[in-house]
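To start, the structure itself, in structure tokens.
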Amino acid sequence: MTVRTRFAPSPTGFLHIGGARTALFSWAYARKHAGQFILRIEDTDVARSTPEAVQAILDGMSWLGLDWDEGPFYQMQRMDRYKDVISKLLNEGKAYYCYSTKEELETLREQQMAEGKKPRYDGRWRPEAGKELPVVPTEIPPVIRFKNPLSGNVVWDDLVKGQISISNEELDDLIIARADGTPTYNFCVVVDDWEMGITQVIRGDDHVNNTPRQINLLHALGAKIPQYAHLSMILGDDGQKLSKRHGAVSVMQYDEDGYLPEAVLNYLARLGWSHGDDEIFSTEQFCQWFDLDHITPSAAQFNTEKLNWLNAHYIKQADLTSLAKDIIKRLALKGVEVDEQIDIQAVIALYRDRANTLNQLADSIAYFYQTPELDQAALEKHITPEIVPVMQGLFQQLESLEWTVENLHVAIEHAVVSNGLKFPKVAMPLRVMVTGGAQSPSIDAVMALLGKDKVLERMQTFIA
RNA sequence: GUCCCCAUCGUCUAGAGGCCUAGGACACCUCCCUUUCACGGAGGCGACCGGGGUUCGAAUCCCCGUGGGGACGCCA
């Protein structure tokens, strides 16, 4: 049987890191088994679903390169189908109308909690042989509930967590249609997973408790039960749960912050999944290796440091042409316009080894195009009164120099030797004058790329 | 409260009874390279939650405890 997996986000916000990993694992599983990956938008919560959120999710998926074979399907467009199934259930006596009000149920819940019991619907409207039901109120629009089995256990072999067993006595008759007639999440999921032929349901483990209800529904519909794989959650950098108000950010934020999608993908892959000691691997390699046996059942804490390390790695590997395009864009965003006279690919090649993010890389080379900000401490430490004459001498040499790295090196070396100094004694002040700070790649290489005019102009302001 | 799940270095993880005096990676520390800072290279620090079993032998299996998390919606 061909593998069919799905990613089924609800469009109530952006695609965050947890959702992205779920999508990645579902996608990779389908790819690994040459199956299909389906995208389904669960938008039955009309009040909270927005088209902007749908777009945000699609953007996140495409940035990460997660493509789907079918969909996106929208549950709101499948209403007729759900209603058919509900009336079938009603006709077969597997579902029933319930006229309890929200207030009534709230009271019941509080009472049960107070008694130390698990809050659950007590089945007051559930029809049973020989049972007398309350008088149907005319003014209350009813919800429709599923007749959950009263006894026995629901057991499944979770592909991540192993065997999970939940007693039906813990479950109540869940609402499958609201008072306004719209079907609810647990019901739509069941119908969709069934009709879309999903073979492996890979999702967050906050759904573990929904699984037995869904399995019971599937049984009632005479559907085949898919396999389930429940992924544990991703915690924030601080070990706290991610939520809208705490730490959860859109995957697109990583784009903005200067992370490469392949780095994020690689990082996410290793969060909760492993392939021996392998740390760095391509998405293609991941698809070949991925399996559900090596997923950790426990929660994982996000670690930005490690993401940075991976990102730095991918920056070092990146194609220079596309890297340059990206960096030019980022510089423009900062209001820095690049000068065509300077070979930006060469500059990036010189700087890429020292950046964790593309933004850092852009920041670090901005001084090629605009007057650098001067590091006061570096200035005071390196540009001493004694060194100024030395720099004046060097300046004169440079004025008539044929501008190559080799010649520049020789010129600096000459200033060092003729003044009886150590190399850094000359290189450091020069570095501060040219770059504004005390850290840079080899100063001769930097000067070569920056060009004679800019170098002399910058030196001038310090030795005049 | 009730039910379900989880538990190896600070973090991500390897580990399917002997290969484990527990391996790798990030971070951290030291040294090397060096024109500063990085990069890179070589080392180092650092963990099986506790208690009982089972077994010749347990990080690995079982039970209890502890701790953490999740669920308990006419949200998904």
Side-chain angles (χ1 to χ4, degrees), chain A residues 8-12 42-45 47-49 75 98 100-102 105-106 109 112-120 141-145 158 160-162 164-167 169-172 174-180 182-186 188-189 203-212 230 232-233 235 237 239 241 267 270-280 293-294 296-310 312 316 351-355 364 378 382 409 412-413 416 422-428 430-432 435 437-445:
Chain A
S10 64
T12 54
E42 311 220 316
D43 54 357
T44 53
D45 184 354
R48 293 198 295 160
S49 297
Q75 291 188 322
C98 166
S100 295
T101 61
K102 288 183 184 178
L105 294 172
E106 186 51 41
R109 250 195 296 277
Q112 287 166 329
M113 288 283 255
E115 286 168 22
K117 285 192 267 189
K118 183 171 182 159
R120 52 199 285 282
V143 298
I144 298 169
R145 288 185 186 269
D158 196 277
V160 172
K161 293 177 186 283
I164 298 178
S165 168
I166 293 173
S167 167
E169 287 167 31
E170 293 297 325
L171 273 25
D172 60 5
L174 77 153
I175 292 170
I176 57 177
R178 303 180 178 91
D180 66 5
T182 59
T184 57
Y185 164 76
N186 272 300
C188 297
V189 168
R203 72 210 325 185
D205 74 355
D206 46 332
H207 289 289
V208 166
N209 294 275
N210 289 325
T211 306
H230 286 102
S232 51
M233 46 187 292
L235 273 19
D237 247 330
K241 186 193 170 179
Y267 179 72
R270 280 291 287 106
L271 210 51
W273 175 83
S274 62
H275 185 266
D277 288 337
D278 294 304
E279 294 287 350
I280 294 176
D293 303 333
H294 291 83
T296 318
S298 53
Q301 188 171 318
F302 195 88
N303 185 222
T304 305
E305 302 273 13
K306 189 162 179 180
L307 205 214
N308 285 344
W309 167 71
L310 272 169
K316 282 175 210 142
Y351 268 90
R352 72 198 314 193
D353 284 358
R354 45 190 70 219
S364 68
H382 298 292
H409 188 81
I412 298 167
E413 194 70 54
V416 169
K422 298 264 189 203
F423 199 99
K425 263 293 184 214
V426 177
M428 287 312 292
L430 192 53
R431 178 170 277 122
V432 176
T435 74
Q439 293 105 40
S440 85
S442 292
I443 192 59
D444 41 18

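Scope of the values below: all heavy atoms of this structure, side chains included, with no hydrogens, waters or symmetry mates. So that the names make sense, note that chain A is the first sequence line, chain B the second, and so on, each numbered from 1.
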Any [X] side-chain N or O less than 4.0 Å from OP1/OP2 of [N]:
X: S442(A); N: U36(B); answer: no
X: K241(A); N: G70(B); answer: yes
X: R109(A); N: C72(B); answer: no

Legend entry - Rounded distance in Å between the P positions of U60(B) and G15(B):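 Taking atom P in both U60(B) and G15(B), they lie 15 Å apart.
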Inset, instruction - Measure across T182(A) and D180(A) and return the closest heavy-atom pair with its distance rounded to 0.1 Å. - result: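 Reported closest heavy-atom pair: OG1-OD1, 2.7 Å.
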Inset, instruction - For nucleotides 4-11 of chain B, just jot down a letter per nucleotide in 5' to 3' order: B, S or -, based on protein non-hydrogen atoms under 4.0 Å. - result: SSSS---S
Legend entry - Any donor-acceptor N or O pair under 3.5 Å, side chains T211(A), H230(A):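 Their side chains do contain a donor-acceptor pair, which is all the 3.5 Å distance test asks for.
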Legend entry - Non-neighbouring partners of K425(A) that pass salt bridge (charged side-chain N to carboxylate O under 4.0 Å, His left out), sequence neighbours left out: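 Salt bridge (charged side-chain N to carboxylate O under 4.0 Å, His left out) check on K425(A) returns nothing, list empty.
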Legend entry - Partner set under side chain to side chain donor-acceptor pair (under 3.5 Å) for D353(A), not counting sequence neighbours: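 D353(A): no side chain to side chain donor-acceptor pair (under 3.5 Å) contacts found.
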Legend entry - Pair of N/O donor and acceptor under 3.5 Å linking U35(B) base with R431(A) side chain: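 Such a pair exists between side chain and base.
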Legend entry - Presence of donor-acceptor pair under 3.5 Å, side chain of D206(A) and base of G70(B):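 In this structure, the two groups form no donor-acceptor pair.
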Inset, instruction - From the options G40(B), G23(B), A76(B), select the nucleotide whose nearest atom is closest to the side chain of T184(A). - result: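 Side chain of T184(A) sits closest to A76(B).
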Inset, instruction - State the OH-CG distance between Y267(A) and N308(A), to the nearest 0.5 angstrom. - result: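 Here the interatomic distance stands at 10.0 Å.
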